[in-house]
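This report refers to the structure that appears directly beneath it.
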Amino acid sequence: MPHLYLVDGSGYIFRAYHRLPPLTNKHGEPVGAVYGYTTMLWRLADDLHKADGPTHMAVVLDKSSHSFRNELYDQYKAHRPPPPEDLVPQFPMIRDATRAFSLPCIDEAGWEADDLIASYAKAALAQGWQVTIVSSDKDLMQLVEDGSLDMLDTMNNRRIGSAEVFEKFGVPPNKVGEVLALMGDSVDNVPGVPGVGPKTAAKLIQEHGDVEAVLAAAETMKKGKLRDNLIEHAESARISRKLVELACDVPLPDALEDLELKGIPDAPLRAFLEHHGFKSLLAKLGTGASAADAPVETPDVAGMPDPDPDPPCDHDGYETVTDPERLDHWVQIARHQGFVAIDTETTGLDATRAELVGVSLALAPNLACYVPVGHGGTDMFAEKPVQIDRDVLVDKLKPLLEDPSVLKIGHNLKYDMIVLGRLGISVAPYDDTIVMSFDLDAGLHGHGMDELAATHLSHSCIAYKDVTGTGKKAIGFHEVDLKAATRYAAEDADVTLRLWRRLKPRLAFEGSTRVYEMVDRPLPAVVAGMEMHGIKVDADILARLSADFSQQIAALEEEIHGIAGFKFTIGSPKQLGEVLFDKMGIKGGRKGKSGVYSTDVNELERIAADKDSPGREMVVKVLDWRQLSKLKSTYTDALQAQINPATGRVHTSYSLTGAQTGRLSSTDPNLQNIPIRTEVGRQIRDAFVAEPGNVILSADYSQIELRLAAHIADVPQLREAFERGDDIHSMTAQELFGTVDRDTRGRAKTINFAILYGISRWGLAGRLDVTPDEAQAMISRYFERFPGINRYIADTLQEAKARGYTTTLFGRKTHFPRIKAPNPNERAGSERAAINAPIQGTSADIIKRAMTRMGPALADAGLGHVRMLLQVHDELVFELPEGDVAAATKVIRRVMETAAEPAVRLSVPLGVEIGTGPSWGAAH
DNA sequence: TGAATCACG
DNA sequence: GACGTACGTGATTCAA
C-alpha cells in the first residue's frame, strides 16, 4: 500500500532555527536551520527501505504570509515578528536542500503549508493510502486518524497517534479544532475566548461536543467569569473556529502519483553537502552506508560547521532556567543535536548523600544554562528563589538522559550518575572527559576540570571557593545566589563540552580509543552502581574492637612511659626518636633529611631483634602501641563514623583516575586497605557483613601480576608452571637455590615481587637481609633462569625513553616525563615505575573488564540479586542470597578468567580463588 | 601543609 | 663517583 510522507518544512525551519546553535558554513552563511533540516531529511530517507517507510514523499512550504485567513480576520498573525535576520537567507537554502534530495517541494500562493498538507492528506486517504505528517504542529493534529494517518515528530523521534493527541488535548483528533478555537493562540493571534486555556477548553468540549454547543450552553452555566466571557466573546470564538479549520480541498499543484519516491541520486546531494561543508553527512554518503549504520553515540563534531572554535567563556551569557518551558526548549535542542554536556551541583562532596541543587547543560561553546532546583538554604520556612520544582526537572530531564540517541558528556560523570541515579535517572550513553583525559595523558598531569581547562583551553575556571567561600564561613552551594551559581555551574558544563571537543578526536589519533572503549568508558556506570549499593558494616563489632583496643593502648602507654621515666607523645616520631636514641642511648639511630630519627617498623624491629639493646622492651611495646592506634583511629573508629545512617552501609568512593597505572583507588573511606595481614587487624574484616539470608563472596585473581609478567615477558618456565598449576614461588626457589623449604620459598617470593617492581641490588639486599653483592648474584641468576625478564626490562625502558610512555596489553598509556631526568635518583625512580606499569596496568585493565561484564553476565544467568560491592585491585567482593552461591560462583569465575578475551589472548591461564562466608573476613 | 608512618594489592 | 635504595595507593597524626 502506498505510504505518503508529508513534511512540514516551514514548521521545521523555525523550530530548528531556535533549537540549534547558530552555525555558519565555510562561506560565512548562517546554516544552523539548514543543517538541522538536512539531517532530518537524511533520517527520513533512511526509512525508505523499511517496511512501513514512505513510498511517496513531499516537502510542503509556505509561499507567502497571506492566506484566506487574513480575509476572515485582519488581525490574523498580525503580531508575528518578522523572521530573524539570519534565518531569512536560509529559506531559499531549504528549497536547495529539498531539491538536493530530489524531493518535490510544494507551495501555493494564498494557502498555508498546513492547508496543503491537509488537502494532500485527505486526497491520499480517499485513495486508501497511509499518510504520515512529519511535523509537531498542534494544528495538524486535527488530521490524525488511527490506522491511517499519524504524525512524526523528528525532533523527539516520536510518533503521534490519536492516543498522543488525546493526551495533549484531552479530546480525540476530530475535536482538536474545537479546543484550539476556544483556547486561541497568541503566536498566530487567534483570539479564542479570554480566560480559557487548554484545560478549560478541553473540559468544555468534552462536556458539550463543539464550540457552537459550548456557546449555546453558556447561558445555563453557573454565574462567573467563564460564563461572561463565553457570552461576550462568542463571535470571537466562532471566528477562531474558522481560523483553525484546515482547508482540505485546495487544488493539488502536483498529482499524488508524482510524489512517488524513486531513490535519491548521489550527485546533487553530494554537491549540496560539499557546498556547505557538512562533513559528517558527506562521510556517510561516501561509504554508501546509511545514516542508521553510523554510530549514533558519538556524533562527529568535526563534521559540524564551526568556524568559530572556542570563544572565551561568556559568563553573563549563560541562562538561568526557572521556567519549565525554557527547560523544554533546552532539552529539545539537546535531543535534536544528539549530544549535550551536563553537570550537577549538590549540597556536598559525597554523592551518596548530597542533595541535588541544580543541573547545568551545555550545547555549544557559550550556549549553556543552569537549572536551579534546590536553592534557598535549609530553612523550610525561609523564602526560596523562583526555581523549577525538583520533580519537574527530573521528569523533563529523564527522557533526555536516558535517550539512546543522545550522548551525554560529563566530567567525572560517576558523581552525577550517583546523584541522578538516586532520583531514578540512569544516564546513557555517555562520554566522560575525566576518563578520556586519563586515557590520553596519565602521568603528565592531573585530570581535574580546572587543570584541564588551564592546560587545553588556557582558561581559568571560576573557583568553587570563590562562589561558596572557604573555611568556617563557607556556605553550601544551595545558599549561593542564582546569578553567581549560574556563572559557576553553567561554566562547568560549557568547559566540559569544550574539553570533549578537544579530547574526543585525540583518542583515535593517539591510539587510545581501544583502552577507552574496551576498558574505561563503561566504568563510571558500573562503579557508580557499586558505590550506591555500599557494603553493610556492623557497628557493634567495630565498637567492641574500639573499646578493646582502647584498653590495650592505655595499658601500653602507661608501661612505655614507665620505662622512659616520664610522659611523652608516643605518636610523635620526633619525640619517640629522641627518647630512644638520645635519652636511652640506643645505638644506630639514623636521621632523615628533616633531622628526625627514623622510627619506622624496620628500624624498631632491628632494635627489637638486637638482644643486647637496652631499648628492646620499650620498642616491642611501641610497635604494639602503633599497630593498635592505627587500627583504632583509621579503622574501628573511622569506619563507624562512615556508616550512612540512611542505608546502614558504607559507601566508599572510587577514583577512576587516581592511580597512574590504571588502577582504581578508594577514598572516604579507603576500603582497599582494610587489614588482613595480621590476626589483630583481620578482625576488622569480620565487621563487613552480609544482610540476613545473604553471604559475602570474595573472588580474587591468584598471582595475576606474575602470570601477566610471564605472558608479557614471555618466560616459558613461568608459563608452563602456571599451566601445570604449580606453586610459583616454590618453583622459583627450586630454580634459584636448587632446593625448596620455608626459607628459600620465602626468599623466592620476595624476589618474584621485586622483579615486578623494578629491582635494585640494594633494595633486594635490604629486604632479604643479605649484602648487595649477594643480592646481585640472585638477580643475575634469576635473569639467567628466566631470560625473558631482562629482555622485557630492557625493551620497556627503551620504549619508555623513546616515546615517553609505556603501554599495557590493552593499549593503556602511562607517561613518564621524568624518565630522562638528569638527576639519577629521579630517573631511576621513573625507570622502576615504568617497568612495573605495563604489568600492574594490564592487571587493572583485566579486572575492569570483568567488572563491566559481571552485571550483564549475572543477569543473563538469572542471578540479578547478586550484587558486586567492592574491588580491591585483584579481588571482587559480592553480596548474594545464600542459595545463589553455587550458580554465582560459576558465572563469576568464568567472567573473571575470560576477562581479557577476545581482545587479548593470554598464553597463561588466569586463576580465580573464591570463598564465601557471613562476613568479608570469613569469605577469605 | 608536609613529613612520617602504616594499612592494602 | 654520587645518588641512597621496590611498584601503586589513602588516612591519620604531629608539628610547623
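A quick note: this is a predicted structure, and the numbers were derived from the prediction, not measured. Each chain gets a letter, A, B and so on, in the order its sequence line appears, and its residues count up from 1.
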Is it the case that atom CD in Gln551(A) sees more than 12 heavy atoms from other parts of the structure closer than 6.0 Å? no
With a non-hydrogen cut-off below 4.0 angstrom, is Leu756(A) in contact with a base, only sugar-phosphate, or nothing? nothing
Does Phe549(A) have Lys632(A) sitting over its ring (NZ/CZ under 6.0 Å from centre, angle to axis within 45°)? no
Could you tell me how the ring of Trp920(A) sits relative to the ring of Phe688(A): parallel (under 30°), tilted (30 to 60°) or perpendicular (over 60°)? perpendicular
It should be established whether Arg626(A) places a side-chain nitrogen or oxygen under 4.0 Å from OP1 or OP2 of nucleotide dC6(B). yes
If you measure from the C1' atom in dA2(C) to the same atom in dA7(B), how many Å do you get, rounded? 34 Å
Modelled atom types, side-chain donor and acceptor of Thr678(A) and Gln627(A), under 3.5 Å: yes
Applying a 4.0 Å non-hydrogen cut-off, can you work out what Thr599(A) is touching in the nucleic acid: base, sugar-phosphate, or nothing? sugar-phosphate
Which value, in whole Å, describes the distance between the C1' atoms of nucleotides dG2(B) and dA6(C)? 23 Å
Electrostatic pair Lys536(A)-Glu879(A), nearest N-O below 4.0 angstrom: no
Can you give one letter per nucleotide of nucleotides 11-16 of chain C, 5' to 3': B if a protein heavy atom sits under 4.0 Å from the base, S if only from the sugar-phosphate, - if neither? BSSSS-
With respect to the side chain of Tyr757(A), which nucleotide from dG8(C), dG10(C), dG9(B) is positioned closest? dG9(B)
Using the salt bridge (Lys or Arg N to Asp or Glu O under 4.0 Å) rule, collect all pairs that involve residues 666-675 of chain A, keeping only residues at least two apart or in two chains. none
When rounded to the nearest Å, what value does the distance between C1' atoms of dC6(B) and dC3(C) take? 26 Å
Does a side-chain N-to-carboxylate-O contact under 4.0 Å join Asp441(A) and Lys813(A)? no
What dot-bracket string describes DNA chain C from 5' to 3', counting Watson-Crick and G-U wobble pairs whose defining distances are under 3.5 Å, with [ ] for crossing pairs and | for pairs to another strand? ......|||||||||.
Expected output is a numbered-order residue list: members of residues 805-833 of chain A with a heavy atom under 4.0 Å from any atom of DNA chain C. What is it? Pro824(A), Asn825(A), Arg832(A), Ala833(A)
Does either side chain, that of Glu784(A) or that of Ser780(A), offer a donor lying less than 3.5 Å from an acceptor on the other one? no
Sequence neighbours left out, what pairs pass salt bridge (Lys or Arg N to Asp or Glu O under 4.0 Å) with at least one residue falling in residues 617-629 of chain A? Glu559(A)-Lys621(A)
When we call it a touch if two heavy atoms are under 4.0 Å apart, what does Gln660(A) touch: a base, just sugar-phosphate, or nothing? sugar-phosphate
Ordered by number, residues from residues 760-790 of chain A within less than 4.0 Å of DNA chain C (heavy atoms) are Ser760(A), Trp762(A), Arg767(A)
Is the closest basic N to carboxylate O distance between Arg812(A) and Asp439(A) below 4.0 Å? yes
Does the Thr852(A) side chain pair with the main chain of Lys848(A), one donor and one acceptor, at a distance under 3.5 Å? yes
Close aromatic pair by centroid cut-off 6.0 Å: His561(A) and Phe566(A): no
